[in-house]
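Below you'll find the structure, written out as C-alpha coordinates, and then a few comments.
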Amino acid sequence: MDDAAQGQVQTGVLLKESLAAYQVHRKAGTKDEVAHLVRPKFLIPSEKADAGFPRFFAVLSKWKGQEKGRSSQLFYFPRLSPADRGRCLRSTRPT
(Lines give C-alpha, C1' and ligand atoms only; values in the text may rest on other atoms or scores of the structure.)
Protein backbone atom coordinates (compact mmCIF):
# COMPACT_ATOMS: atom_id res chain seq x y z
CA MET A 1 0.00 0.00 0.00
CA ASP A 2 1.06 3.55 -0.69
CA ASP A 3 1.09 5.55 2.56
CA ALA A 4 1.08 8.91 0.77
CA ALA A 5 -1.89 7.92 -1.39
CA GLN A 6 -3.78 6.73 1.68
CA GLY A 7 -3.19 10.14 3.26
CA GLN A 8 -5.02 11.71 0.32
CA VAL A 9 -8.28 9.90 1.16
CA GLN A 10 -8.09 9.39 4.94
CA THR A 11 -7.20 11.54 7.93
CA GLY A 12 -7.07 11.43 11.73
CA VAL A 13 -7.31 8.20 13.69
CA LEU A 14 -8.60 6.26 10.67
CA LEU A 15 -5.43 7.10 8.72
CA LYS A 16 -3.24 6.13 11.69
CA GLU A 17 -5.05 2.79 11.99
CA SER A 18 -4.68 2.06 8.27
CA LEU A 19 -0.98 2.92 8.25
CA ALA A 20 -0.38 0.75 11.35
CA ALA A 21 -2.17 -2.18 9.68
CA TYR A 22 -0.03 -1.76 6.55
CA GLN A 23 3.11 -1.68 8.71
CA VAL A 24 2.12 -4.99 10.35
CA HIS A 25 1.67 -6.61 6.94
CA ARG A 26 4.97 -5.22 5.65
CA LYS A 27 6.90 -6.56 8.65
CA ALA A 28 5.17 -9.95 8.48
CA GLY A 29 5.66 -10.18 4.71
CA THR A 30 1.93 -10.72 4.21
CA LYS A 31 -0.50 -9.00 1.90
CA ASP A 32 -3.35 -6.86 3.16
CA GLU A 33 -6.70 -7.84 1.66
CA VAL A 34 -8.17 -5.19 -0.60
CA ALA A 35 -11.64 -4.05 0.43
CA HIS A 36 -14.16 -4.44 -2.38
CA LEU A 37 -16.98 -2.05 -1.63
CA VAL A 38 -19.99 -1.77 -3.93
CA ARG A 39 -23.34 0.04 -4.24
CA PRO A 40 -22.28 3.35 -2.68
CA LYS A 41 -25.02 5.69 -1.45
CA PHE A 42 -23.87 9.26 -1.00
CA LEU A 43 -25.44 11.22 1.85
CA ILE A 44 -24.92 14.88 1.02
CA PRO A 45 -26.92 17.41 3.04
CA SER A 46 -28.38 20.38 1.18
CA GLU A 47 -26.65 23.60 2.14
CA LYS A 48 -26.93 27.25 1.30
CA ALA A 49 -24.04 28.64 -0.76
CA ASP A 50 -22.94 30.83 2.15
CA ALA A 51 -23.41 28.16 4.85
CA GLY A 52 -19.79 28.39 6.02
CA PHE A 53 -17.69 25.59 7.42
CA PRO A 54 -17.35 22.90 8.70
CA ARG A 55 -19.41 20.88 6.23
CA PHE A 56 -19.62 17.12 5.77
CA PHE A 57 -20.87 14.27 3.65
CA ALA A 58 -21.08 10.52 4.19
CA VAL A 59 -21.12 7.37 2.08
CA LEU A 60 -22.78 4.02 2.80
CA SER A 61 -21.31 1.03 0.93
CA LYS A 62 -21.83 -2.72 0.90
CA TRP A 63 -19.04 -5.31 0.92
CA LYS A 64 -18.87 -7.24 -2.34
CA GLY A 65 -20.64 -10.56 -1.84
CA GLN A 66 -22.78 -9.17 0.98
CA GLU A 67 -24.95 -6.81 -1.04
CA LYS A 68 -28.19 -8.39 0.17
CA GLY A 69 -27.32 -8.04 3.85
CA ARG A 70 -28.89 -5.32 5.98
CA SER A 71 -25.64 -3.74 7.16
CA SER A 72 -23.44 -1.24 5.33
CA GLN A 73 -20.12 0.40 6.04
CA LEU A 74 -20.35 4.11 6.79
CA PHE A 75 -17.62 6.57 5.76
CA TYR A 76 -17.70 10.12 7.20
CA PHE A 77 -15.97 12.95 5.32
CA PRO A 78 -15.75 16.37 7.03
CA ARG A 79 -14.70 19.51 5.16
CA LEU A 80 -13.18 22.02 7.55
CA SER A 81 -12.48 24.80 5.04
CA PRO A 82 -13.11 25.68 1.38
CA ALA A 83 -9.65 24.29 0.49
CA ASP A 84 -10.31 20.96 2.27
CA ARG A 85 -11.40 18.23 -0.18
CA GLY A 86 -12.97 16.12 2.54
CA ARG A 87 -10.85 13.11 3.53
CA CYS A 88 -12.44 10.20 5.35
CA LEU A 89 -12.19 10.75 9.11
CA ARG A 90 -14.30 7.87 10.45
CA SER A 91 -15.47 4.51 9.22
CA THR A 92 -17.68 1.85 10.73
CA ARG A 93 -17.48 -1.80 9.73
CA PRO A 94 -20.56 -3.99 9.64
CA THR A 95 -20.50 -7.06 11.85
Side-chain angles (χ1 to χ4, degrees):
M1 289 289 184
D2 183 342
D3 293 358
Q6 198 67 27
Q8 296 295 312
V9 296
Q10 292 182 345
T11 190
V13 174
L14 182 61
L15 176 60
K16 289 179 183 178
E17 288 174 354
S18 294
L19 296 178
Y22 302 153
Q23 184 82 3
V24 167
H25 284 287
R26 284 188 193 113
K27 286 184 178 180
T30 58
K31 187 175 179 180
D32 192 12
E33 184 178 316
V34 176
H36 294 283
L37 298 166
V38 296
R39 294 180 47 198
K41 290 184 182 180
F42 295 86
L43 309 172
I44 303 172
S46 61
E47 297 175 347
K48 296 178 183 176
D50 60 349
F53 287 85
R55 296 180 182 178
F56 70 92
F57 67 96
V59 179
L60 290 171
S61 291
K62 299 281 189 183
W63 287 89
K64 188 173 184 175
Q66 298 176 0
E67 295 91 344
K68 293 186 181 191
R70 292 180 42 185
S71 62
S72 296
Q73 184 159 357
L74 172 70
F75 299 91
Y76 175 71
F77 297 80
R79 289 188 63 211
L80 304 178
S81 71
D84 189 358
R85 295 173 306 144
R87 297 178 290 169
C88 190
L89 178 65
R90 297 277 187 259
S91 173
T92 62
R93 296 190 185 208
T95 55

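The shortest heavy-atom contact between E67 and K62 is O-CE, 3.7 Å. Of all heavy-atom pairs between D84 and P78, the closest is OD2-O, 3.8 Å. Looking at every heavy atom in both residues, F56 comes nearest to P45 through O-CD, 3.4 Å.
In the model, Q10 has a side-chain atom that pairs as donor or acceptor with a side-chain atom of S18 under 3.5 Å. In this structure, a donor-acceptor pair under 3.5 Å is absent between the side chains of T92 and Q73.
Between the side chain of R79 and the backbone N or O of P82, at least one donor-acceptor pair lies under 3.5 Å. Q66 places no side-chain N or O within donor-acceptor distance of the main-chain N or O of K64, the cut-off being under 3.5 Å. At distances below 3.5 Å, not a single donor-acceptor pair connects side-chain atoms of R87 with backbone N or O atoms of F77.
At a threshold of 4.5 Å between non-hydrogen side-chain atoms, the residues L80 and F53 do not count as touching.
Of the inter-residue distances, the one linking T11 atom OG1 with R90 atom CZ reads 9.5 Å to the nearest 0.5 angstrom. With values rounded to the nearest 0.5 angstrom, L74 atom CG is found 5.5 Å from L60 atom CG. Interatomic distance, NZ of K41 versus OG of S72, reported as 7.0 Å (0.5 Å rounding). Taking OG from S91 and CZ from F75, the interatomic distance works out to 4.0 Å, rounded to the nearest 0.5 Å.
Note: the hydrophobic cluster containing I44 also contains V59 (ILVMFWY, side chain heavy atoms under 4.5 Å, direct or indirect links).
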Run the side chain to side chain contact (heavy atoms under 4.5 Å, CB included) check on C88 and V9 step by step: do they pass? CA-CA 6 Å; C88 190; V9 296; 5.9 Å; no

